[in-house]
Enquirer: 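Here it is, the structure, as structure tokens.
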Amino acid sequence: MERICEPELMEDVQQAEAYAAADFSSGDRAVLGRIDDLLGSLGTGDGERLSFVDLGCGPGNITFLLAERWPKASVLGLDGSAAMLAIAERRRRADPTAWRHLRFRQQRLPGRQLAGPFSAVVSNSLLHHLHDPGVFWRSVRQLSGPSTHLYVRDLRRPASDRELEDLVHRHAGSAPEVLRRDYGHSLRAAFTRAEVLAQLENVGLEGLQVRELDDRYLEIQGPSLPGRLA
């Protein structure tokens with residue numbers, strides 16, 4: 001399968017500032033609600049025994065929301081983009097006492113140096129940035145135990161250029177041009193549901209739910225299974 005390569009994110013100051021000023025809170029809180037539902041079996045307390053790793057991508061929004069929802073949980077945010085990570089660190093320094101269990105680290109997958117397993121491995125729009133999706137799924141397995149929950153939300157590739165243009169206009173029409181451009185690149189580089197199912201089969205991950213979520217996302221969730229690593 002031919003992959004469309006994206007330009008490196010955060011390639012200039014203008015791009016980083018545009019992302020820092022953008023409001024991602026609405027969509028991210030919807031993701032947090034899905035994660036909360038998924039982790040209901042772990043209880044609704046303060047998360048003292050929980051540990052999360054957020055594989056990215058974005059300016060730390062999901063990571064901050066996880067730390068806010070479970071204030072005593074250990075929350076680690078990873079991001080492959082230095083500027084995005086700097087945005088998240090700047091937000092934390094504004095009120096360090098509120099995020100004492102929250103950490104950020106710039107680290108590329110695979111994450112062999114990370115101590116797992118985690119209670120949950122989450123990702124908001126990272127899979128499509130990777131040239132080799134097998135790296136992503138193998139990293140998920142390395143960070144997971146039999147009871148680890150997985151939640152991934154990612155863009156899905158539109159069926160046509162016309163549909164792509166409509167999505168960019170609908171969801172990023174009022175954004176700065178640099179963000180509209182990046183959004184279009186991200187949509188072109190995203191996967192279809194069938195492609196994600198094939199990726200899971202290739203690394204022996206079974207039993208995960210993969211479904212289309214609204215008009216632009218795929219959702220992958222469920223307990224991580226030991227499976228077979230190809």
Enquirer: Determine whether a donor-acceptor pair (N or O, by modelled atom type, separation under 3.5 Å) exists between the side chain of Glu163 and the backbone of Ala159.
Expert: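 Pair found, side chain donor or acceptor close to backbone of Ala159.
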
Enquirer: Describe, in one word, how the ring planes of His171 and Tyr183 are oriented to each other, choosing from parallel (under 30°), tilted (30 to 60°) and perpendicular (over 60°).
Expert: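 Taking Tyr183 first and then His171, their aromatic rings stand perpendicular (interplane angle over 60°).
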
Enquirer: Could you tell me the separation between the CZ atom of Arg100 and the CZ atom of Arg92, rounded to the nearest 0.5 Å?
Expert: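 Separation between the atoms: 13.0 Å.
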
Enquirer: Between Thr148 and Leu143, which heavy-atom pair has the shortest distance, and what is it?
Expert: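 For Thr148 versus Leu143, the nearest heavy atoms are OG1-O, 4.5 Å.
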
Enquirer: Might you work through the side-chain contact (heavy atoms from CB on, under 4.5 Å) test for Leu150 and Trp137, ending with a clear yes or no?
Expert: CA-CA 11 Å; Leu150 171 69; Trp137 295 116; 3.9 Å; yes

Enquirer: Please round to the nearest 0.5 Å and tell me the distance separating atom OG of Ser139 and atom CG of Leu78.
Expert: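 Rounded to the nearest 0.5 Å, the OG-CG separation comes out at 9.5 Å.
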
Enquirer: Nearest 0.5 Å, what's the CZ-CG distance between Arg188 and Leu164?
Expert: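 The CG atom of Leu164 is 5.0 Å from CZ of Arg188, to the nearest 0.5 Å.
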
Enquirer: Which atom pair, heavy atoms only, marks the closest approach of Pro117 to Gly145?
Expert: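 Closest heavy-atom pair between Pro117 and Gly145: CB-N, 3.3 Å.
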
Enquirer: Determine, step by step, whether Leu66 and Thr63 satisfy the side-chain contact (heavy atoms from CB on, under 4.5 Å) criterion, reporting the C-alpha distance in whole Å, the side-chain angles of both residues, the deciding distance to 0.1 Å, and the verdict.
Expert: CA-CA 5 Å; Leu66 287 169; Thr63 314; 5.6 Å; no

Enquirer: Using a strict threshold of under 4.0 Å (side-chain N to carboxylate O), is an ion pair present between Arg211 and Glu219?
Expert: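 Yes, Glu219 and Arg211 are salt-bridged.
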
Enquirer: Any heavy-atom pair between the side chains of Val121 and Leu55 that's under 4.5 Å?
Expert: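 Heavy-atom side-chain distance check passes, below 4.5 Å.
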
Enquirer: Could you check if a side-chain atom of Phe191 sits within less than 4.5 angstrom of a side-chain atom of Gln199, using non-hydrogen atoms only?
Expert: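 Phe191 reaches Gln199 side chain to side chain.
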
Enquirer: Which distance, rounded to the nearest 0.5 Å, do you find between the CH2 of Trp70 and the CG of Asp46?
Expert: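 The CG atom of Asp46 is 11.5 Å from CH2 of Trp70, to the nearest 0.5 Å.
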
Enquirer: Would you say Val122 and Val53 make side-chain contact, with heavy atoms under 4.5 Å?
Expert: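 Not in contact.
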
Enquirer: For residues Tyr217 and Val152, determine if any side-chain heavy atom of one lies less than 4.5 Å from a side-chain heavy atom of the other.
Expert: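 In short, these two side chains do not touch, never coming nearer than 4.5 Å.
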
Enquirer: I need the minimum non-hydrogen distance between Leu127 and Pro133, along with the two atoms involved.
Expert: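 Shortest heavy-atom contact: CD1-CB, 3.9 Å.
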
Enquirer: Quick one: does Arg103's side chain get under 4.5 Å of Ser74's, heavy atoms only?
Expert: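 Yes - at least one pair of side-chain heavy atoms lies under 4.5 Å apart.
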
Enquirer: Which residue is it: Arg157, Arg153, Arg193, Arg156? I am looking for the one with a salt bridge (Lys or Arg N to Asp or Glu O under 4.0 Å) to Glu212.
Expert: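 Of the listed residues Arg157, Arg153, Arg193, Arg156, the salt bridge (Lys or Arg N to Asp or Glu O under 4.0 Å) partner of Glu212 is Arg156.
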
Enquirer: Just checking Arg170: does its CZ atom have more than 12 heavy atoms from other residues, nucleotides or ligands closer to it than 6.0 angstrom?
Expert: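 Counting neighbours around CZ of Arg170, more than 12 heavy atoms of other residues, nucleotides or ligands fall under 6.0 Å, so yes.
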
Enquirer: Between atom CG of Asp166 and atom CG of Asp215, what is the distance when rounded to the nearest 0.5 Å?
Expert: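 That separation rounds to 10.0 Å.
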
Enquirer: Atom CG of Leu167 and atom CZ of Arg162: how far apart are they, to the nearest 0.5 Å?
Expert: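 With rounding to 0.5 Å, CG (Leu167) is 11.5 Å from CZ (Arg162).
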
Enquirer: Under a 4.5 Å cut-off applied to non-hydrogen side-chain atoms, are Leu218 and Val196 in contact?
Expert: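 They are in side-chain contact.
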
Enquirer: Quick check: Phe52 with Tyr151 (ring centres under 6.0 Å apart)?
Expert: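 No.
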
Enquirer: Tell me whether the rings of Phe64 and Phe104 are parallel (<30°), tilted (30 to 60°) or perpendicular (>60°).
Expert: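 Aromatic pair Phe64/Phe104 classed tilted.
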
Enquirer: For Arg141 and Leu205, run side-chain contact (heavy atoms from CB on, under 4.5 Å): C-alpha distance rounded to whole Å, both residues' side-chain angles, the deciding distance at 0.1 Å, then the answer.
Expert: CA-CA 9 Å; Arg141 285 297 304 118; Leu205 285 171; 3.0 Å; yes

Enquirer: Could you tell me whether the side chain of Leu76 reaches within less than 4.5 Å of the side chain of Asp54, counting heavy atoms only?
Expert: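 No, side chains not in contact.
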
Enquirer: Is the backbone N or O of Phe118 less than 3.5 Å from a side-chain atom of Ser51, with the two atoms forming a donor-acceptor pair by type?
Expert: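 Flag not set: sc Ser51 to bb Phe118 has no pair under 3.5 Å.
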
